[in-house]
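Here's the structure, in structure tokens; my notes come after.
As a basis for the values below, the full set of heavy atoms in this structure was taken, side chains included, without hydrogen atoms, waters or symmetry mates. Positions are given from 1, in the same order as the sequence printed here.
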Amino acid sequence: MITTPDTNRWLRRGTPNPNASLRCFCLPYVGGSARIFQPWSQSLPDSVEVCALELPGHGTRLTEQPFDNWDAVLEAISQVILPLCDRPFVFFGHSMGALISFELARYCRRHNLPMPSHLYVSGHRAPQLPDPEEPVHNLPEQAFREKLTRLQGTPPAVLNNKEFMAMLLPVLRADFTLCETYSYVQEPPLPCPITAFGGTQDPTTQRGRLRAWRAQTQAKFTRHVLPGKHFFIQTEQASLLNHLKISLI
């Protein structure tokens, strides 16, 4: 049993907005931190409160043990967000965050917890599709570093910082373990709409892998393909936020 998490360590909310009519819980990519969502509050409507999740081992919690199994991460996050589910909310996740957001929505349904009104998934193939890449989480360190470079899933600025990479490698390995040991289990499609974002040059969402998210919802499905590679969430942030703003209004 996981004890009640410290919300202040888990959530980056900027200035809390008690008048917000909607909360947007955001989950980052492998190795990413809540900081990447910091500018979002300035671009989204005032009625939306952005609540970015800071996972153990990430960002300001770099010294903590990261998660590498699904039961623990889903139970912990559900406990963190539950007190803030007193009004409508949505999930947004990029890459690893998309997969966590999807499974978190299904976890909420299985445990009769409040459900998101919309699921936004970005930079990740539909979960029922097999991973086209060979696993990397158990590679020796040098091979692991080389594979990270080839996958283009970790920002070059991070890969080139030797001191930071020394601290980050265990976190990246844990994140990849979480993603690569994921096993999709068939369940009914979610009742909430799903909007999926992908990059034109991101192989993880090409060849119909983004469109296949349609099978995971009983409601409306929307797909947006933006210019860029896997990190279009940064290079095309304005365009992505514009699509998100229109959807949330």
Side-chain angles (χ1 to χ4, degrees), residues 10-29 32-55 59 77 80-81 84-102 104-105 108 114-126 155 189-202 204-205 209-214 216-249:
W10 279 83
L11 285 173
R12 298 291 176 266
R13 300 170 64 188
T15 303
N17 181 1
N19 298 318
S21 58
L22 181 75
R23 289 194 171 106
C24 180
F25 294 106
C26 301
L27 284 145
Y29 44 77
S33 76
R35 183 176 55 83
I36 65 172
F37 301 109
Q38 188 174 351
W40 286 29
S41 294
Q42 301 168 12
S43 300
L44 295 178
D46 292 339
S47 58
V48 179
E49 183 179 36
V50 177
C51 301
L53 272 293
E54 189 81 285
L55 299 178
I77 295 176
V80 169
I81 69 172
L84 297 175
C85 294
D86 57 339
R87 64 198 65 188
F89 63 93
V90 301
F91 292 154
F92 179 96
H94 182 76
S95 194
M96 177 184 73
L99 195 57
I100 294 176
S101 296
F102 169 69
L104 185 59
C108 290
M115 290 283 293
S117 60
H118 204 122
L119 177 62
Y120 296 92
V121 290
S122 173
H124 200 286
R125 69 188 184 283
L190 291 166
C192 61
I194 293 179
T195 297
F197 294 94
T200 54
Q201 300 176 61
D202 184 1
T204 64
T205 54
R209 293 170 185 152
L210 194 66
R211 191 179 297 110
W213 277 101
R214 182 187 300 275
Q216 297 300 334
T217 178
Q218 303 172 31
K220 183 180 179 181
F221 172 76
T222 307
R223 179 175 65 104
H224 296 294
V225 180
L226 305 178
K229 299 180 181 179
H230 189 63
F231 287 102
F232 64 86
I233 187 177
Q234 296 171 338
T235 59
E236 296 296 323
Q237 183 182 94
S239 180
L240 185 149
L241 287 174
N242 187 55
H243 283 297
L244 195 58
K245 180 168 69 173
I246 293 171
S247 175
L248 292 172
I249 294 175

F91 vs L27 side-chain heavy atoms within contact, under 4.5 Å: no
Stepwise side-chain contact (heavy atoms from CB on, under 4.5 Å) check, L226 with H243: CA-CA 10 Å; L226 305 178; H243 283 297; 3.8 Å; yes
Nearest heavy-atom pair of T204 and G123: which atoms, and what distance? OG1-O, 3.7 Å
Non-hydrogen side-chain atoms of K245 and L44 separated by less than 4.5 Å: yes
Please indicate whether Q38 has more than 12 foreign heavy atoms, meaning atoms of other residues, nucleotides or ligands, lying under 6.0 Å from its CD. no
Check whether any side-chain heavy atom of F25 sits under 4.5 Å from a side-chain heavy atom of V80, and report yes or no. no
Is atom CZ of R87 surrounded by more than 12 heavy atoms (other residues, nucleotides or ligands) closer than 6.0 Å? yes
Counterpart residues, side chain to side chain donor-acceptor pair (under 3.5 Å), relative to S101 (two or more places apart): none
Which heavy-atom pair separates Q237 from I36 by the least distance, and what is that distance? NE2-O, 4.2 Å
Go through the structure and list residues passing side-chain contact (heavy atoms from CB on, under 4.5 Å) with T235, not counting sequence neighbours. F232
Check: L241 and P39 side chains under 4.5 Å, non-hydrogen atoms: no
Which residues satisfy the side chain to side chain donor-acceptor pair (under 3.5 Å) test with Q216, sequence neighbours excluded? Q128, Y184
Could you label the plane-to-plane angle of the F37 and W40 rings as parallel, tilted or perpendicular, counting under 30° as parallel and over 60° as perpendicular? perpendicular
Are any non-hydrogen side-chain atoms of P193 and T222 less than 4.5 angstrom apart? no
Heavy atoms of A34 and R12 approach each other most closely as CB-CG, 3.5 Å
How many angstroms lie between OG1 in T200 and NZ in K229, if you round to the nearest 0.5 Å? 10.0 Å
Here the pair of heavy atoms bringing T205 nearest to F197 is CG2-O, 4.5 Å
Acceptor/donor pairs from residues 46-53 side chains to any protein atom, 3.5 angstrom cut, sequence neighbours excluded:
| residue | atom | partner | partner atom | Å |
| --- | --- | --- | --- | --- |
| E49 | OE1 | R13 | NH2 | 3.4 |
| E49 | OE1 | R23 | NE | 2.7 |
| E49 | OE2 | R13 | NE | 3.4 |
| E49 | OE2 | R13 | NH2 | 3.0 |
| E49 | OE2 | N17 | N | 2.9 |

Contacts table for residues 92-100: side-chain donor-acceptor under 3.5 angstrom, sequence neighbours left out:
| residue | atom | partner | partner atom | Å |
| --- | --- | --- | --- | --- |
| H94 | ND1 | S122 | O | 3.4 |
| H94 | ND1 | S122 | OG | 2.7 |
| H94 | NE2 | H230 | O | 3.0 |
| S95 | OG | H230 | NE2 | 3.0 |

Atom CG in L240, atom CD in Q234: separation rounded to 0.5 Å? 11.0 Å
Plane angle bin for W213 and F102 - parallel if under 30°, tilted between 30 and 60°, otherwise perpendicular: perpendicular
Would you sort out whether Y120 and S247 count as a side-chain contact (heavy atoms from CB on, under 4.5 Å), showing the intermediate values? CA-CA 10 Å; Y120 296 92; S247 175; 2.5 Å; yes
Taking side-chain contact (heavy atoms from CB on, under 4.5 Å) as the test, write out the residues that go with T217, two or more places apart. I194, A219, F221
Determine the minimum heavy-atom distance between A105 and P116, stating which atoms define it. CB-CG, 4.0 Å
Apply the test side-chain contact (heavy atoms from CB on, under 4.5 Å) to residues L104 and I81: give CA-CA distance (whole Å), side-chain angles for both, the deciding distance (0.1 Å), then the verdict. CA-CA 11 Å; L104 185 59; I81 69 172; 4.2 Å; yes
Quick one: do L248 and H118 satisfy side-chain contact (heavy atoms from CB on, under 4.5 Å)? Show the steps, please. CA-CA 9 Å; L248 292 172; H118 204 122; 5.8 Å; no
For L210 versus G198, what's the shortest heavy-atom pair and its separation? CD2-N, 3.5 Å
